[in-house]
2 protein chains.
Amino acid sequence: MPKVGMEPVRRKALVDAALHVIGDQGTLSVTMSDIARQAGVSAALAHHYFGSKEQLLVETVRSLLKQLRDDTVTALNAAGTPRERLSAIVRVSFQADQFAPETIAAWLAFYSEAQRSEETRRFLVIYARRLHSNLVSSLKQLCVADDAQRIAEGTAAMIDGLYIRRALGSSPVTADASIALTDDYITLNLHARQPQEHAA
Amino acid sequence: MPKVGMEPVRRKALVDAALHVIGDQGTLSVTMSDIARQAGVSAALAHHYFGSKEQLLVETVRSLLKQLRDDTVTALNAAGTPRERLSAIVRVSFQADQFAPETIAAWLAFYSEAQRSEETRRFLVIYARRLHSNLVSSLKQLCVADDAQRIAEGTAAMIDGLYIRRALGSSPVTADASIALTDDYITLNLHARQPQEHAA
DNA sequence: TTTTATTGATTGATGGATCAATCAAAAATA
DNA sequence: TATTTTTGATTGATCCATCAATCAATAAAA
């Protein structure tokens with residue numbers, strides 16, 4: 001069995017498995033065995049490569065975050081105008097894999113974990129900052145800096161809120177509806193505060 | 001010791017203790033011992049009155065929800081116009097005790113739990129529906145029904161989102177700022193879609 | 001043969017649940 | 001009023017399952 005160079009393969013498999021199982025069960029209280037089984041290896045091997053469950057979980061948030069960042073970068077590169085960039089950011093947030101119930105359940109679990117794990121909180125704060133910063137960056141080209149901050153704050157909140165409501169699975173919040181709602185919010189704000197701006 | 005009629009007293013003490021401990025630790029993975037200790041009784045007594053940890057947790061969500069409902073009813077009674085009622089709903093969501101870090105941590109933990117516990121999800125769905133319904137009820141007097149639905153959806157999402165961002169404790173989301181942001185969202189929407197409405 | 005990969009077996013700790021045993025107030029009885 | 005009986009309240013001790021973590025052993029490269 002043991003081909004050399006398995007480490008990166010196993011690490012990835014385990015992180016993916018963790019994400020899968022966590023999303024499926026909706027909690028971080030999954031066992032190392034659950035994760036290992038999903039990855040097709042023994043629990044002992046998971047410990048061998050990650051040292052502890054906590055470390056594996058940390059790597060898992062990191063991975064979740066990286067995925068989102070990569071998607072965002074790609075989307076931003078394809079967008080031309082500032083307004084298009086804003087829509088791109090919104091769209092990425094609600095695109096298929098991010099908005100899948102299991103993915104949201106995993107995010108939720110990590111948000112809860114952030115209350116305890118300093119490292120997890122750090123990662124989530126990074127996500128929040130990045131989203132905010134991306135929004136502000138485009139908004140500043142469309143309105144005054146002060147408004148840009150406010151609109152970014154509201155947009156970010158709405159995105160996160162739509163996630164939560166989706167997690168409950170109550171109201172049929174489709175991805176498209178979520179995108180429309182968030183995009184409308186931006187448009188509304190820009191039209192309300194910007195008319196006199198084109199003079200500058 | 002045993003004065004008769006302790007049951008309601010103990011139940012309340014245990015539920016309050018559960019809320020306290022859960023909010024403090026930010027997770028439902030608190031032990032019955034932790035809760036019982038906080039309530040000043042033995043773990044065995046908690047089992048005696050609630051049968052299981054799960055049941056105690058369910059009663060705890062119920063209590064959290066009841067608190068919010070009572071506050072909302074009070075606020076709505078004090079509000080006159082539909083627009084005032086909307087602001088009242090928003091204000092209640094961010095009022096001191098609801099917006100306290102421990103309370104938010106508890107909410108978050110329960111949202112995560114809803115992925116597993118059918119009963120917990122039921123309660124949270126009720127909360128979501130009630131919020132939505134309260135919003136729509138007032139909005140319909142200020143704009144067309146179709147818009148009312150949409151605005152309610154966005155408002156609810158923004159409220160939930162601001163909660164999450166507060167939970168992270170990153171950006172300094174004060175209660176006042178949150179109220180302003182949400183209220184602005186409502187105002188903006190009403191002004192944007194309503195001008196031609198006064199003709200009807 | 002040395003190194004890397006891998007696992008089954010084992011363990012220490014934790015925590016939910018159960019239960020037999022107290023304790024004291026209240027009610028019934030004398 | 002004094003005495004006995006009953007019952008709710010309460011707990012310490014304990015059982016049992018789960019789980020993270022460790023380790024010694026095995027198997028396949030190199």
Side-chain angles (χ1 to χ4, degrees), chain A residues 1-22 24-61 109-110 112-113 115-120, chain B residues 1-22 24-61 109-110 112-113 115-120:
Chain A
M1 246 192 276
K3 261 187 305 191
V4 178
M6 278 290 101
E7 175 153 0
V9 177
R10 294 306 188 201
R11 292 186 87 98
K12 180 171 189 328
L14 283 164
V15 164
D16 288 350
L19 201 52
H20 184 278
V21 175
I22 290 168
D24 197 52
Q25 298 193 211
T27 177
L28 297 195
S29 292
V30 294
T31 69
M32 288 295 265
S33 299
D34 287 341
I35 297 172
R37 187 176 324 117
Q38 175 68 34
V41 299
S42 73
L45 193 65
H47 273 97
H48 173 66
Y49 283 127
F50 289 93
S52 70
K53 179 183 176 181
E54 185 173 353
Q55 199 50 42
L56 170 53
L57 293 184
V58 166
E59 299 295 328
T60 304
V61 209
F110 280 119
S112 185
E113 172 69 7
Q115 305 290 319
R116 272 147 283 135
S117 160
E118 179 56 43
E119 207 163 355
T120 300
Chain B
M1 242 190 282
K3 259 187 308 190
V4 177
M6 278 291 99
E7 176 156 357
V9 178
R10 293 307 187 203
R11 290 187 88 96
K12 182 175 188 324
L14 283 164
V15 165
D16 288 350
L19 201 51
H20 184 278
V21 175
I22 290 168
D24 197 51
Q25 298 194 210
T27 178
L28 297 196
S29 293
V30 294
T31 69
M32 288 295 263
S33 298
D34 287 341
I35 297 172
R37 187 176 323 115
Q38 175 70 31
V41 300
S42 73
L45 192 65
H47 272 97
H48 173 65
Y49 283 128
F50 289 93
S52 71
K53 180 183 176 183
E54 185 175 353
Q55 200 48 44
L56 170 53
L57 293 184
V58 166
E59 298 294 328
T60 305
V61 211
F110 280 119
S112 185
E113 173 69 8
Q115 305 290 319
R116 272 146 283 135
S117 159
E118 179 54 46
E119 207 162 355
T120 300

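Numbers restart at 1 for each chain; the letters A, B, ... are given by sequence-line order, proteins then strands.
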Sub-3.5 Å donor-acceptor pair from the side chain of Arg11(A) to the main-chain atoms of Tyr49(A), do we have one?
yes
Which value, rounded to the nearest 0.5 Å, describes the distance between Thr27(A) atom OG1 and Phe110(A) atom CZ?
10.0 Å
Choosing from dT7(C), dT6(C), dA9(D), which nucleotide comes nearest the side chain of Met6(A)?
dT6(C)
Check the phosphate of dT10(D) against Arg10(B), side-chain N and O only, distance under 4.0 Å to OP1 or OP2. Yes or no?
yes
Which whole-number value in Å describes the distance from Leu56(B) CG to dA17(C) P?
10 Å
Protein-nucleic acid N or O pairs under 3.5 Å, nucleotides 20-24 of chain D:
unit_1, atom_1, unit_2, atom_2, d
dA20(D), OP1, Val30(A), O, 3.3
dA20(D), OP1, Lys53(A), NZ, 3.0
dA20(D), OP2, Met32(A), N, 2.9
dA21(D), OP2, His47(A), NE2, 2.9
dA21(D), OP2, Lys53(A), N, 2.9

Residues which pass side chain to side chain contact (heavy atoms under 4.5 Å, CB included) with Val58(A), listed by chain and number, not counting sequence neighbours:
Gln55(A), Glu119(A), Phe123(A)
What is the distance, to the nearest angstrom, from the OH atom on Tyr49(B) to the P atom on dG8(D)?
10 Å
Assess whether side-chain contact (heavy atoms from CB on, under 4.5 Å) is satisfied between His47(A) and Met32(A), documenting all intermediate values.
CA-CA 8 Å; His47(A) 273 97; Met32(A) 288 295 265; 3.7 Å; yes
Check Glu113(B) with Arg116(B), please: is the shortest side-chain N to carboxylate O separation under 4.0 Å?
yes
Is the backbone N or O of Ala46(B) less than 3.5 Å from a side-chain atom of Lys53(B), with the two atoms forming a donor-acceptor pair by type?
no
Measure the distance from CZ on Arg11(A) to P on dA5(C) and round it to the nearest whole Å.
11 Å
